[in-house]
S.K.: 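Please find one structure pasted underneath; my questions will follow.
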Amino acid sequence: MFRFFRNSRRVAATVISCAFVLVIIATSVQVFAEGVGQEEGVSGAIVVVDDYCQKVAEGQLQAKDPLLMIHEESVKESLTPDEEEEEVASGPATELVSAIQEGEHINLNLNYSRLGIANKVSNYLNVRKKPSEDGRIVGKMVKNSGCHIYNVKKGWAKIVSGKVKGYVKAEYLTMDEEAEAIVPEVGRDCVEIVADQLNVRALPSTSAPIYSVCEGGEEFEIKKENVDQAFLEKIIKKENISEKAIKNAGGMDYLLEHMDEFICIMVDDDYAFVSKEYVREQFSLKRANVVKYDPETGESAEAYGIVAYAMQFLGNPYVWGGESLTHGCDCSGFTMLIWSHFGKGLPHSSAAQAGCTTSVSDPRPGDLFFYGSGGVSHVAMYIGGGQIIHASNHRDGIKISNAYYRHPLKIGRP
């Protein structure tokens, strides 16, 4: 649906200008819905950006508009001396940008001033604190993650990706124009939740059953942006949604009348609906995950061993019903295989695993987080630091997530 634009000085100038404005808006206007289900929109912000970007595109504003100068000064003040020197050469690293072609405004969560994509790896790329193989691992970029490159020295690239900043081996990155050229292949249409928490629904209605409660800032792939009647009927049949649930959501006529107010997203390997008011649509590259687990925090050697073993399969494929950590597995297959390596037998079913584990309230590495709507349908393994590793879906494979990206139904200890 989205197209990436390059090799045009005018478009490039527009992109950079709009990126500056988005940062200003993001930092000066914080609009969030408070609490679960208080689904108040963020109307106004995107309209302002659209209007500004259109004026830039039409030549009504110059590159040194006062707004841009204000942004440049704020960026400069926030940098250390070393970073400031690098920024002079490469421009400010921003995660959100606007692109314009034929009058269309598109949010891109990928335009770093100098783009790098970790696509020359089999599954993931370690981000280290220092430019050395001995440097502590501070993050992991799964294959096709994007980053901004500050500089490249002696084979190491200093990068920032999401909330991770550090060094990666430059040989594993595709950079600059070559990276821009492959963006349409490796990016995806996503929504980012802009409320503190959001009720994700089983149907396109705020009265529909709650599929899950998702945290603000989480990003989910779009399955279908413009829901139509045929698609809605297909989802109802696929998920075996009852007539009672449809009636409680307002009835079929109500759903058809309001379905254009919702977007269908992928939550792990399931379909769900979010109101367009509480999300931001953007074309996105995957970002690096912060590695928060620290073996020096007093966790047992066994716990660290479980995490270290599980982490080596990060980025490997998701296959429904699969039982291979390298060639593909599903969520319960992943946790079953990890714990089997350490002598614990678990069934190949997330619901069955929930039934044979002991509930705990103080999770430690190796414990299992269970998610679902009404019943358990997804399982992940806790790795410490508020994070989980799990076989999520066909698009993402085995990935790291915030443990509370969805509200867990149970935390179980094998």
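Quick note: numbers below take in every heavy atom, side chains included, and nothing from hydrogens, waters or symmetry partners. Here the structure is a predicted model, which means the values were calculated and not measured. Numbers here simply count residues along the sequence, with the first being 1.
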S.K.: For this output row, return yes or no: ring centroids of Phe334 and Phe313 closer than 6.0 angstrom.
M.R.: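 Not close enough - the centres of the two rings lie 6.0 Å or further apart.
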S.K.: Whether the Lys143 and Asn119 side chains hold a donor-acceptor pair (N or O, under 3.5 Å, no angle test) is what I'd like checked.
M.R.: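 Side chains of Lys143 and Asn119: no pair found under 3.5 Å.
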S.K.: Tell me whether Lys120 forms a cation-pi arrangement with Tyr172, defined as NZ or CZ under 6.0 Å from the six-membered ring centre and within 45 degrees of its axis.
M.R.: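 Here Lys120 fails the 6.0 Å and 45° test against Tyr172.
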S.K.: Could you give the distance from CD1 (Ile210) to NE2 (His407), rounded to the nearest 0.5 Å?
M.R.: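 So the gap between those two atoms works out to 10.5 Å.
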S.K.: Measuring from atom CD of Gln229 to atom CD of Glu233, what distance do you get when rounded to the nearest 0.5 angstrom?
M.R.: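 So the CD of Gln229 and the CD of Glu233 are separated by 4.5 Å.
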S.K.: For residues Phe273 and Phe262, establish whether the separation of their ring centroids is below 6.0 Å.
M.R.: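 Aromatic pair excluded; centres sit 6.0 Å or further apart.
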S.K.: Report the relative orientation of the aromatic rings in His378 and His390; use parallel for angles under 30°, tilted for 30 to 60°, perpendicular for over 60°.
M.R.: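 Perpendicular: the ring planes of His378 and His390 meet at over 60°.
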S.K.: Hey, is the main chain of Val164 close enough, under 3.5 Å, to the side chain of Ser161 for a donor-acceptor pair?
M.R.: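 No; zero donor-acceptor contacts below 3.5 Å.
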S.K.: At their closest point, which heavy atom of Ile388 faces which heavy atom of Ala380, and how far apart are they?
M.R.: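 Of all heavy-atom pairs spanning Ile388 and Ala380, the closest is CD1-CB, 3.5 Å.
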S.K.: Taking NZ, NE, NH1 and NH2 as the nitrogens, is one of them in Asp269 or Arg395 under 4.0 Å from a carboxylate oxygen of the other?
M.R.: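 Between Arg395 and Asp269 there is no salt bridge, as every charged N stays at least 4.0 Å from the carboxylate O atoms.
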S.K.: Got a second to check how far Leu346's CG is from Cys356's SG, nearest 0.5 Å?
M.R.: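 Going from CG on Leu346 over to SG on Cys356, the span is 5.5 Å.
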S.K.: Once you round to the nearest 0.5 Å, how far does CD1 of Ile159 lie from CD1 of Ile149?
M.R.: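 That separation rounds to 8.5 Å.
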S.K.: Which atoms form the tightest heavy-atom contact between Lys410 and Ser359, and what is the distance?
M.R.: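 Scanning both residues, the minimum pair turns out to be CE-OG, 3.1 Å.
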